2 protein chains.
Amino acid sequence: MNVENTKKQMRKGVLELCILAIISEEETYSTDIIAKLKEAELIVKEGTLYPLLSRLKTAGLLHYNWRESENSPPRKYYFVTEEGTNFLNNLWSSWSQLVSSVNLTTKQLQTVEKLE
Amino acid sequence: MNVENTKKQMRKGVLELCILAIISEEETYSTDIIAKLKEAELIVKEGTLYPLLSRLKTAGLLHYNWRESENSPPRKYYFVTEEGTNFLNNLWSSWSQLVSSVNLTTKQLQTVEKLE
DNA sequence: TTTTAGTACCTTGTATTGCAAGGTACTGTA
DNA sequence: TACAGTACCTTGCAATACAAGGTACTAAAA
């Protein structure tokens, strides 16, 4: 049992929220999504992102348009459907509730942190 | 793809943090742990908790003492080892970082929330 | 023309974990 | 002796992050 591993596990389900949030802000494509996640210090690999986008697409939460680009192959620009927006809102409230639950169970830790 | 399911996925790894935090606050046993999680609106089933406690025990992060109890079978009272305390601190900082990453990627959503 | 570098797309298989569903065993009471 | 309540545990499944591999397009260099 090691921290790095648990760190990965903690992200399960959360990436969906982040990726939907990013796409809902602006139509975008995979490499750019990875870059934006990286800015927020969330390192996501292609092998993670592509299957995730496919799942969201299949579930009708995302759609995409092909767009040409200079000096590179065409890109899939994703956007969030109405259904996707609802889902995103639900995810957000689930996440908010999880954060508040964790805050309650880790009160002690937070106190220690403040004392330092 | 449904919200309930993703909600479960979001808990992966987080339960370790919460359970270690609860035990670190006070020696306690499984049924009581479940009750405390429930207070924080985290519904955890026995089939989740027992394997988790076993893993943490095997990894040397937890130990336990048997204690008699009135009107019921003996209980395993768990406590966090020194190694477990280190691990807990690492989990806490991973969690804090995840929260801050999610906050960054979902800025838009939070703004919407405030406007309501 | 051929090769290389960069970008963009995708798939397969593995490890991990939450949980449903089932079970055993101890205590005190009816 | 039977039952209810508590406490413990196991097996098998579903879901997801990711390592590791691959294809295909563009443009510039050899």
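Nothing here was measured: the structure is a model prediction, and the numbers come from that model. In what follows, every chain begins at residue 1, and chains take the letters A, B, ... in the order their sequences are listed.
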* To the nearest Å, give me how far apart CD1 (A:Ile33) and P (D:dA17) are. => 14 Å

* Hphob cluster co-occupancy, A:Leu62 + B:Val3, side-chain heavy atoms under 4.5 angstrom -> yes

* **Distance in angstrom units between A:Lys76 NZ and C:dT7 C1', rounded** => 15 Å

* Asked: Under 4.0 Å between a side-chain N or O of B:Arg67 and OP1 or OP2 of D:dA7?
  -> no

* Go through D:dC9, C:dA8, C:dT17 for me and flag the one nearest to the B:Tyr78 side chain. => D:dC9

* Asked: Hey, is the main chain of A:Pro73 close enough, under 3.5 Å, to the side chain of A:Ser69 for a donor-acceptor pair?
  -> yes

* To do: Write down the distance between OH (A:Tyr50) and C1' (C:dT12), rounded to a whole number of angstrom.
  => 17 Å

* To the nearest Å, give me how far apart CD (B:Glu16) and C1' (C:dT16) are. => 10 Å

* Mind checking whether B:Val99 and A:Val102 sit in one hydrophobic cluster, side chains of I, L, V, M, F, W, Y counted as touching below 4.5 Å? -> yes

* To do: Can you tell me the distance, in whole Å, between the CE atom of B:Met10 and the C1' atom of D:dA17?
  => 16 Å

* Relative to each other, are the rings of B:Tyr29 and B:Tyr77 parallel, tilted or perpendicular (30° and 60° limits)? -> tilted

* Side chain of A:Lys8 only, please: which of D:dC18, C:dG18, C:dC10 is the nearest? => D:dC18

